[in-house]
Amino acid sequence: MKEARKICVIGTGYVGLVTGACFADLGNRVTCVDTDAGRIASLRAGKMPFYEPSLAELVERNSVSGRLAFSTSYEEGVAGASFIFLCLPTPPGPNGAADTSILRSAIRRLAEVIYEPCPIIVNKSTALVGTCEALRELLADEDAALESVPVVSNPEFLREGSAIRDFMRPDRVVVGADEDEAGARVRELYEPLGAPMLIADTRTAEMVKYASNAFLAAKISFINEVANICERMDADSSLVGEGMGLDRRIGGSFLRPGVGYGGSCFPKDVLALSHMASENGVEPRLLEAVMEVNSSQVERVMQKLWDHLGYLEGAVVAVWGIAFKPDTDDIREALAMKIIDSLEREGVAVRAYDPVAMKKAAVQLPRTAMCQNPYEATERADAVLLLTEWDEFGTLDLARVAATMNIPMLLDGRNAIAPAKAREAGFHYVGVGRGESVVYHLRIPGEQRPGSATSPSREGSDA
Ligand code: NAD
């Protein structure tokens with residue numbers, strides 16, 4: 001019988017842990033290494049560092065079988081490994097470019113512990129075009145004996161919330177290698193998945209990742225701009241997106257109007273690509289517009305709320321959903337976090353509920369009241385904002401919610417609830433680009449609200 005391959009995965013975040021657990025499930029022996037000792041101790045105890053459906057079961061199954069191990073030691077992880085996967089953060093630097101300092105520090109550390117026979121280093125982190133070449137040079141600078149160690153690009157396309165399915169049944173696998181043999185060996189690892197594979201040089205593979213994320217972000221900003229036009233033209237942007245998506249040339253995904261894109265990837269990747277373009281003499285006009293439309297969506301939510309309530313200061317607003325999308329507790333660059341922050345700056349008391357992200361969110365939102373369930377959040381509230389389309393929000397007793405609110409206004413930032421259903425339950429419903437005409441100031445005439453009744457900064461708005 002063929003001996004199982006040994007793989008080392010550096011970084012046990014969303015990408016690293018899923019990669020490690022899935023490769024182990026495919027029959028490889030995997031050691032996941034992380035510098036966060038607390039995280040490694042928890043993983044050894046079977047506790048996941050974040051919420052991802054089915055991940056705990058997958059980790060447990062493979063840990064018990066002895067195929068998956070966790071360590072804080074690079075030396076232990078690398079010993080005997082034929083492949084070292086880098087799954088490390090590449091946050092935006094001060095100028096918007098992807099910061100590769102963590103990748104570089106990992107390479108320096110690896111240079112101290114890699115011995116013959118040399119493994120292949122595979123970078124899964126999203127990093128600037130030319131990063132694999134730069135990491136390879138750095139490795140050789142650290143130790144000339146490692147000059148021949150290949151650094152292959154293998155960008156990751158998994159989505160949080162469906163990460164295991166995306167890894168195991170990917171639309172495609174992209175392998176970028178500057179030597180055929182290294183590329184072929186990485187390709188072999190993925191053969192059991194039976195997925196289409198694109199084999200390219202490292203620079204092209206790195207660009208595929210940025211171009212893909214920027215394109216998906218562009219689809220979102222496109223439909224959001226269409227939604228803004230729909231609002232003026234009395235058309236339903238959700239149906240427009242659906243109608244467009246039925247055209248196979250266009251495709252239906254990422255055409256749902258909403259408050260915009262967030263998360264740990266799209267915002268930073270569009271920014272990094274735009275920065276890379278400018279730095280290299282290309283004016284990124286489309287990318288700039290994609291980012292501009294996205295950031296204006298938050299302001300539009302605030303504006304709509306003000307237009308419909310007539311005041312913000314002193315209002316009590318419920319927020320349903322904090323995570324940047326359903327089925328994850330990731331709040332990095334979540335638009336709900338930005339909207340809650342903007343509301344609180346305007347003097348709004350926010351009562352929030354999210355099925356899994358509240359613990360993480362509470363650390364950054366000390367003023368927000370975190371509620372046990374969606375009903376508690378809306379009690380006596382002046383409006384509710386639906387910002388993450390968790391399934392459970394689609395099955396709520398809306399009449400019960402509306403009955404306990406001070407003003408039954410639903411601002412559906414994801415067009416997740418049918419307007420007719422909400423209106424039937426007694427709500428004043430406002431979606432994104434759903435053609436509803438603006439009803440100014442739902443407040444009952446003569447009723448005194450705490451704080452100022454108008455927001456001077458918002459007077460004269462035309463939204
Ligand atoms: P993450 O922040 O969830 O995890 C990173 C992990 O690396 C953490 O556990 C951290 O402790 C560890 N770490 C930091 N420095 C280390 C070091 N020097 N040595 C060992 N471990 C170290 O990150 P992520 O979301 O998994 O993203 C990793 C990369 O993959 C990024 O470049 C990201 O853009 C890209 N990516 C992410 C996703 C996603 O959905 N999260 C999807 C595709 C690609």
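Ligands are counted one by one from 1 in listed order, and the atoms in each one are counted from 1 as well. All residue numbers in this chain count up from 1 along the given sequence. These values consider heavy atoms only, across backbone and side chains, with no hydrogens, waters or symmetry-generated copies.
Aromatic pair F254/F215: centroids not less than 6.0 angstrom apart.
Looking at residues two or more places apart in sequence or on another chain, you find a side-chain contact (heavy atoms from CB on, under 4.5 Å) between N228 and Q297, R300. Every residue two or more places apart in sequence or in another chain that forms a side-chain contact (heavy atoms from CB on, under 4.5 Å) with E333 is listed here: P267, K338.
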In a table with atom names and distances, give each donor-acceptor pair under 3.5 Å that connects a side chain of residues 193-206 to protein atoms at least two apart or in another chain.
{"unit_1": "D201", "atom_1": "OD1", "unit_2": "T204", "atom_2": "OG1", "d": "2.7"}
{"unit_1": "D201", "atom_1": "OD2", "unit_2": "R203", "atom_2": "N", "d": "3.2"}
{"unit_1": "D201", "atom_1": "OD2", "unit_2": "T204", "atom_2": "N", "d": "3.0"}
{"unit_1": "D201", "atom_1": "OD2", "unit_2": "T204", "atom_2": "OG1", "d": "3.0"}
{"unit_1": "T202", "atom_1": "OG1", "unit_2": "D178", "atom_2": "OD1", "d": "3.3"}
{"unit_1": "T202", "atom_1": "OG1", "unit_2": "D178", "atom_2": "OD2", "d": "2.8"}
{"unit_1": "R203", "atom_1": "NE", "unit_2": "E133", "atom_2": "OE1", "d": "3.2"}
{"unit_1": "R203", "atom_1": "NE", "unit_2": "E133", "atom_2": "OE2", "d": "3.0"}
{"unit_1": "R203", "atom_1": "NH2", "unit_2": "E133", "atom_2": "OE1", "d": "3.1"}
{"unit_1": "E206", "atom_1": "OE1", "unit_2": "G130", "atom_2": "N", "d": "2.7"}
{"unit_1": "E206", "atom_1": "OE2", "unit_2": "T131", "atom_2": "N", "d": "3.4"}
{"unit_1": "E206", "atom_1": "OE2", "unit_2": "C132", "atom_2": "N", "d": "2.9"}

N/O pairs closer than 3.5 Å, ligand 1 and protein:
{"unit_1": "ligand 1", "atom_1": "2 (O)", "unit_2": "R332", "atom_2": "NH1", "d": "3.2"}
{"unit_1": "ligand 1", "atom_1": "3 (O)", "unit_2": "Y14", "atom_2": "N", "d": "3.3"}
{"unit_1": "ligand 1", "atom_1": "9 (O)", "unit_2": "D34", "atom_2": "OD2", "d": "2.6"}
{"unit_1": "ligand 1", "atom_1": "9 (O)", "unit_2": "R39", "atom_2": "NH1", "d": "3.1"}
{"unit_1": "ligand 1", "atom_1": "11 (O)", "unit_2": "D34", "atom_2": "OD1", "d": "2.6"}
{"unit_1": "ligand 1", "atom_1": "11 (O)", "unit_2": "D34", "atom_2": "OD2", "d": "3.4"}
{"unit_1": "ligand 1", "atom_1": "19 (N)", "unit_2": "Y74", "atom_2": "OH", "d": "2.7"}
{"unit_1": "ligand 1", "atom_1": "25 (O)", "unit_2": "R332", "atom_2": "NH2", "d": "3.1"}
{"unit_1": "ligand 1", "atom_1": "26 (O)", "unit_2": "Y14", "atom_2": "N", "d": "3.1"}
{"unit_1": "ligand 1", "atom_1": "26 (O)", "unit_2": "V15", "atom_2": "N", "d": "2.8"}
{"unit_1": "ligand 1", "atom_1": "32 (O)", "unit_2": "L88", "atom_2": "O", "d": "3.3"}
{"unit_1": "ligand 1", "atom_1": "32 (O)", "unit_2": "T90", "atom_2": "OG1", "d": "2.6"}
{"unit_1": "ligand 1", "atom_1": "32 (O)", "unit_2": "T126", "atom_2": "N", "d": "2.9"}
{"unit_1": "ligand 1", "atom_1": "34 (O)", "unit_2": "T126", "atom_2": "OG1", "d": "3.4"}
{"unit_1": "ligand 1", "atom_1": "34 (O)", "unit_2": "K268", "atom_2": "NZ", "d": "2.6"}
{"unit_1": "ligand 1", "atom_1": "40 (O)", "unit_2": "E160", "atom_2": "OE2", "d": "3.3"}
{"unit_1": "ligand 1", "atom_1": "41 (N)", "unit_2": "E160", "atom_2": "OE2", "d": "2.8"}

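A donor-acceptor contact shorter than 3.5 Å is absent between the side chain of R332 and the backbone of S264.
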Q: Kindly determine whether T368 and E344 satisfy side chain to side chain donor-acceptor pair (under 3.5 Å), including the steps that lead there.
A: CA-CA 8 Å; T368 310; E344 289 178 342; 2.6 Å; yes

